[in-house]
Structures are given as C-alpha cells and as structure tokens.
Trainee: 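Okay, here's the structure, questions in a sec.
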Amino acid sequence: MITDAFFARDACAVARELVGAVVRRRVGDLWLSARIVEAEAYYRDEKGSHSWLGRTPSREPMFAPAGTLYLYWSQGGDSLNVSVGEPGDAVLIKAAVPVVDAVSGPESLEAMHALNPRRDGGRRPDHRLCSGQGLLCRALDLRIADWNGRRFDAHSFFFESSPGAPVVQARRIGIPADRDAKLPYRFVHADFARSATKNPITARSLTEGPDWWRLATGVRPMPSHGLPS
DNA sequence: CCAAAGATGCGCT
DNA sequence: GCGCATCTTTGGG
C-alpha cells in the first residue's frame, strides 16, 4: 500500500510515479483492481487547478494533508484525486485499465463491467472500461458522498506501487484556454496510450513532438514546474 | 442560472 | 480509428 509519505512530495513526481500503480478497491466480497495509465498534476497557484477556483467546503480536501481523497463532480461523472505535496496541490487519476490477477479474478472484472455498462446497456471493451476519470469512478463504484475527504484504507481502498512503467509526459487537456491550459503536467503509460483520455499522443501515432516526450524511468527527478531538462 | 479537470453518439475514413 | 455536436449533473455565484 502506498503510504502518506509518497503523496507528500512534488505533484508532478507523484503523478508520474502513480502511472503504473494499481488501485485496489473492495466492493462486497470482491477486490476490484485497475492499473493507472494516466494522471495529471495540479498546483495550488496555477489557474487550471481547482484550488485556484477558491477554497469551498467541497474543495476542502484539496488543502487537507497529503494522501487525502478529493472527489468532485464534473460533466459526466465523479472524478478521483489525491491531495499531494503542499496544501492545494493534487493529482487527478485520469484513466486506468482493469487488472485481473491473484487478488482480482475474472469475477471482479465482471463486477466492474456491471458497474459501468455503456449507456445503452451494452458491454464496453476491457480497454475502455476505465479509460476516463468518470469511467474509472463508475467501474470502481467510487462516489463523492462516500469518499470525498476520506483517506486510503488497507481494508477497502488503496493504491499499490508498481514501479518501472514507461511514462510519457504531455500537455494537460480539457482545461479552458485562459486557465494555464497547456501546462505539461500530464503523465501517460506508454504501453496503454489507447486507454488514456483522447489526447495528442494517440493522435500522433506515438511520434514524439512538441506535445509529449518520453521520460527515462526511475532516473531523473521531475522539476516542480515546467519542462524536464 | 451556467460553467465545468466529461461522456456519448454520429458521420466519416 | 477520428472530429465534432450534443447531452449530462452538480456546486457555486
């Protein structure tokens, strides 16, 4: 289980290292599991961050000690964040892929499909089951009312580190143009780009360019802000 | 009221 | 697979 000390660091470092980590969530008798394939860092003093929108009761977990869950509603569904670093910083868990292993068997995967069917009732392909921040919360039955402001808990919901994933860094997406929209604080698992949010990586056929670049794994520390050197 | 760190369906290639 | 219009629901002014 990833500990509080892991979260109490620079938001970009945390976001980057969460790519590849596994989310474990117990629902009834089953553990539902997903591997994080996309995460974004947000800092208190940049306009893309919810912190910048103002400190309100529902956003209070953004300012709580690192490792506190912050769930908010966006168009289409609930979204999962973790407070990190300095008060007001957070990491948004943007996409994942389901995991079937010794902890979560095929019946867990079926439970996730049952929790997150297509709107017409049909079944999603596995690689699209959690391919968005709202879809992930649905597939894991994570709701604002239950989890906003709470902390990780080895009994029912935690992250499990899985270092060494090949990570690419890219510009954030989905942010209004006048609010620091293009900051490069998005981190994507290079092997699962097709399960990430619609983004320049998949659009450019995995050719490096101005919008994204590959990072060395586990070697170079991330600067707090700005591009890697 | 309405913008929002989205999701979906549709037409197209 | 992709781009785009449309639909969605909530917190906050």
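Note that the coordinates shown come from a computational prediction; the quantities given were computed from them, not determined experimentally. The basis for the numbers below is simple: all heavy atoms, side chains too, and nothing from hydrogens, waters or symmetry mates.
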Trainee: Check the distance between dG11(C)'s C1' and Glu60(A)'s CD and give it to me in whole angstrom.
Mentor: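 So the two atoms are 15 Å apart, to the nearest Å.
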
Trainee: Now, which nucleotide makes the Watson-Crick or G-U wobble pair with dG1(C), with each of the two distances under 3.5 Å?
Mentor: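 dC12(B) - that is the nucleotide pairing with dG1(C), both distances being under 3.5 Å.
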
Trainee: Is Arg179(A) touching bases, backbone alone, or none of the nucleic acid, heavy atoms closer than 4.0 Å?
Mentor: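 The residue Arg179(A) makes sugar-phosphate contact but no base contact.
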
Trainee: Could you check Phe7(A) against Phe152(A) for ring pair (Phe, Tyr, Trp, His ring centres under 6.0 Å), going step by step and ending with a plain yes or no?
Mentor: CA-CA 11 Å; Phe7(A) 296 110; Phe152(A) 288 105; 5.4 Å; yes

Trainee: What is the distance from OH of Tyr70(A) to P of dA4(B), rounded to the nearest Å?
Mentor: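 Answer to the nearest Å: 13 Å.
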
Trainee: I'd like to compare against my own output: the B/S/- annotation of nucleotides 6-13 of chain B with a strict under-4.0 Å heavy-atom distance to protein.
Mentor: BSSS----

Trainee: Specify the closest pair of heavy atoms between Pro61(A) and Asn148(A), including all atoms of both residues, with the distance to one decimal.
Mentor: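 That closest heavy-atom pairing would be CG-OD1, 3.3 Å.
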
Trainee: How close or far is atom P of dG13(C) from atom NE2 of His50(A), stated in whole angstroms?
Mentor: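 Roughly 13 Å, once rounded to whole Å.
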
Trainee: How many Å lie between CD1 on Ile144(A) and P on dG11(C), as a whole number?
Mentor: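 Distance check: Ile144(A) CD1 to dG11(C) P gives 6 Å.
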
Trainee: What is the separation between atom CD on Glu38(A) and atom C1' on dA5(B), rounded to the nearest whole Å?
Mentor: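 Going from CD in Glu38(A) over to C1' in dA5(B) covers 11 Å.
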
Trainee: Can you confirm whether Val188(A) sits close enough to Val37(A) that some side-chain heavy atom of one is under 4.5 Å from a side-chain heavy atom of the other?
Mentor: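 No; the side chains remain at least 4.5 Å from each other.
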
Trainee: Judged by each residue's nearest nucleotide on DNA chain C, which is more toward the 5′ side, Trp73(A) or Arg128(A)?
Mentor: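 The residue whose closest nucleotide sits nearer the 5' end is Arg128(A).
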
Trainee: Under 4.0 Å: is that the gap between some side-chain N or O of Thr56(A) and OP1 or OP2 of dG12(C)?
Mentor: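 Looking at the OP1 and OP2 atoms of dG12(C), one of them is under 4.0 Å from a side-chain N or O of Thr56(A).
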
Trainee: Separation of Lys47(A) atom NZ from dA3(B) atom P, in whole Å?
Mentor: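 Rounding to the nearest Å, NZ of Lys47(A) and P of dA3(B) are 18 Å apart.
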
